[in-house]
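Along the sequence shown, the residues carry numbers beginning at 1.
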Amino acid sequence: LTNFSLSPLGTSSAEVKENRNIDNLEDHSLGSTDSLFSPLEEDNNGRMCQLRLIYKKLSWSDAPKNALVQLNELKPGLQYRMVSQTGPVHAPVFSIAVEVNGLTFEGAGPTKKKAKMRAAELALKSFVQFPNAPQAHLAMGNIANPSADFTSDQADFPDTLFKEFESSSGGDLLSSELSAKTRRDRPQADAPKSPIAILNELRPGLRYACLSERAEGRRLRSFVMAVRVDGRIFEGCGRSKKLAKIQAAQCALQSLFDIRAPPDGRVGLKHSRKTCPHLPQDFADSVFHLVREKYRSLVGGCSSAHARHKSLAGIVMTRDLDLRRAQVVALSSGTKCISGEYLSDQGQVVNDCHAEVTARRALLRFLYSQLELFLSKRMEDWEESIFVRHKESSFRLKDNVHFHMYISTSPCGDGRINSPYEISNDLHSSRHLVRKQRSHLRTKIESGEGTVPVRSRGPVQTWDGVLQGEQLITMSCTDKITRWNILGLQGALLSHFVEPVYLHSLTVGSLRHTGHLSRVLNQRQERLGPLPPTYRRHQPLLSGLSSAESHPPGKALCMGVNWSLGDLQLEVVSTSTGRRRDSGTASRLCKHAMFTRWSRLQPDFLSPQLGLHVAGSKDQQLMYSEAKMSARLYQMVKQQWVRSLQDSGLGTWVRKPPEQEQFVLPI
């Protein structure tokens, strides 16, 4: 008798459409709308009895049924299967699929029940006909009172039921007054819906919370709004709360439903590194896939133990942001740092084996190899190098070269532990929590996982104190990333030769709260003051993944791997000793190895043409610590940044005993 279909827009914006059979009604006309709601004992030549039977069938049950029950009545015996479980342990995301009429529908949610319900909703959307329209509306979340009695004398017909009625003369079912009311209530088709409206139709009842509000000058303000959808947090920022909410909704639509902003840009989403430093999602996902595939290819010949990892980091190099020419240049895994008993006074251990830290050290090896290419006598080597000479005194990256880091989990420290979403499920309380947390510096737990606030009274640890059992202090990865954003990735030694090298983007896998991480990085730069030329307050573009990467549960292995472009194979390092796992010898990432590479370049770069000088006597060997301190501009910016942290009340940056850097290379 009647066909009902659901709009493809979403589950809660479903409109019931009636395809009238005009041939059955063309000979009958109703004088007024009152006859439509009058008692139906008078059959009006049998036509009203037929209409009553139709509405009786539409409301054959008063008890509302959810999507699972509705789908089971339409298609009994359907089998639901578990597809995946992603996300961290405290906020899992389940995916469950069901096959209906040869098509597979997959739903996601924070629980298996909600994921199953979502799959059923998607399957219901694909049906053209529903035997029970009110219950179908309830399953789709559209009508507030789906069990209304359509046969009641006083019943009010829902406007959505008549939205798609065609107008006809003479034999029209509705009077002109009702048709006019329907046209007035119908929304304009040309008016595009905002991302907030679309998301609310797909997921009704969402609440937005203001996480931060910052003034930029006298008139400019910046807001960060967040919304929780299907157990995941999405953030947006803008000059007003409305614009920030629009961006948060758009992020959710793109990630969960693959609904993107229209090409005309009428939604008004504008990304800027200063106000909203977010990386395009497609680019971030591509960086992740490049790192993952490179890691899989490298561990293909290793044992299963080496192939496992709890934390993975990689650095991808692009030219003009062209992913077709992208290369993975550094890669590592690991989650621990050494204890004080393994500290070396010859620089032969890797103190910090966290993945992002060793990935940065692996990048240093790549930078050394590129400098060596430039110093080659072959013209093709010069052209292949990523460096160009600048002002006859140093080198810098070519303008089109960019580095992008991927980390499989949020960096340890304040970027992870003080995220407002991990403290409270109530987003409306997170504004107070953000104000309360002050982005304090944190240190890693010796030979373990996790971080604690800095408690040291002095800026430098002593060698004898560590040897007598004092815990070796290693600053958290969040703290080190903030330092890279000021001083660069190249470190003190390479700053003799090259200008600062900064990350263009940072992509975080699981436990990702890029909005919070962005605020942490910004807050630590607020009192820095003006910087000398070539140094800047840098903030990389940030992004998570469209779907969280899964990790094996359990404790992290006491080993990590590292690789740089040009290496033939992975190097496996014991994270508890900081040395090679197979032989116990020094790793290629240790201070001693880096100093060796630097010393080989030193004679070429200390020529009068380059104008570079390193303090020290010609008759006396240069110590590692002296070589670092001779990078005066770098050390000056470093001290300025450390003082700004103290002035901001964020804590003291604690350095390891200086004896570990007071070594010379053998002649």
**Prompt:** Would you call Lys480 and Asp352 a salt bridge, taking side-chain N to carboxylate O under 4.0 Å as the test?
**Reply:** yes
Please confirm whether the backbone N or O of Gln370 pairs with a side-chain atom of Ser385, one donor and one acceptor, at under 3.5 Å? yes
### Message
Check whether Gln490 reaches the backbone of Val501 with its side chain - one donor and one acceptor, N or O, closer than 3.5 Å.
### Response
yes
Taken in chain and number order and not counting sequence neighbours, the residues that satisfy salt bridge (charged side-chain N to carboxylate O under 4.0 Å, His left out) with Glu384 are none
Residues Arg442, Asp479: salt bridge by 4.0 Å N-O rule: no
- prompt: With no hydrogens and no angle check, is any side-chain donor or acceptor of Trp653 less than 3.5 Å from a backbone partner on Val642?
  reply: no
- Do the charged groups of Glu372 and Arg600 touch, with an N to O distance under 4.0 Å? no
Does Phe497 have its ring centroid less than 6.0 Å away from the ring centroid of Phe395?
-> no
d(Trp641 CH2, Arg527 CZ) to nearest 0.5 Å is 15.5 Å
Inset, instruction - Give the intermediate values and the outcome of ring-ring contact (aromatic ring centres under 6.0 Å, His included) for residues His496 and Tyr634. - result: CA-CA 9 Å; His496 282 289; Tyr634 178 93; 9.2 Å; no
| message | Main chain of Gly509, side chain of Tyr406: is a donor-acceptor contact present, judged purely on distance under 3.5 Å? | response | no
Exercise. Hey, can you tell me if Tyr624 and Phe595 have their rings parallel, tilted or perpendicular (30° and 60° cut-offs)?
Key: perpendicular
Rounded to the nearest 0.5 angstrom, the CG-CG distance for Leu331 and Leu290 is 11.0 Å
Applying salt bridge (charged side-chain N to carboxylate O under 4.0 Å, His left out) to Asp282 and not counting sequence neighbours gives Arg260
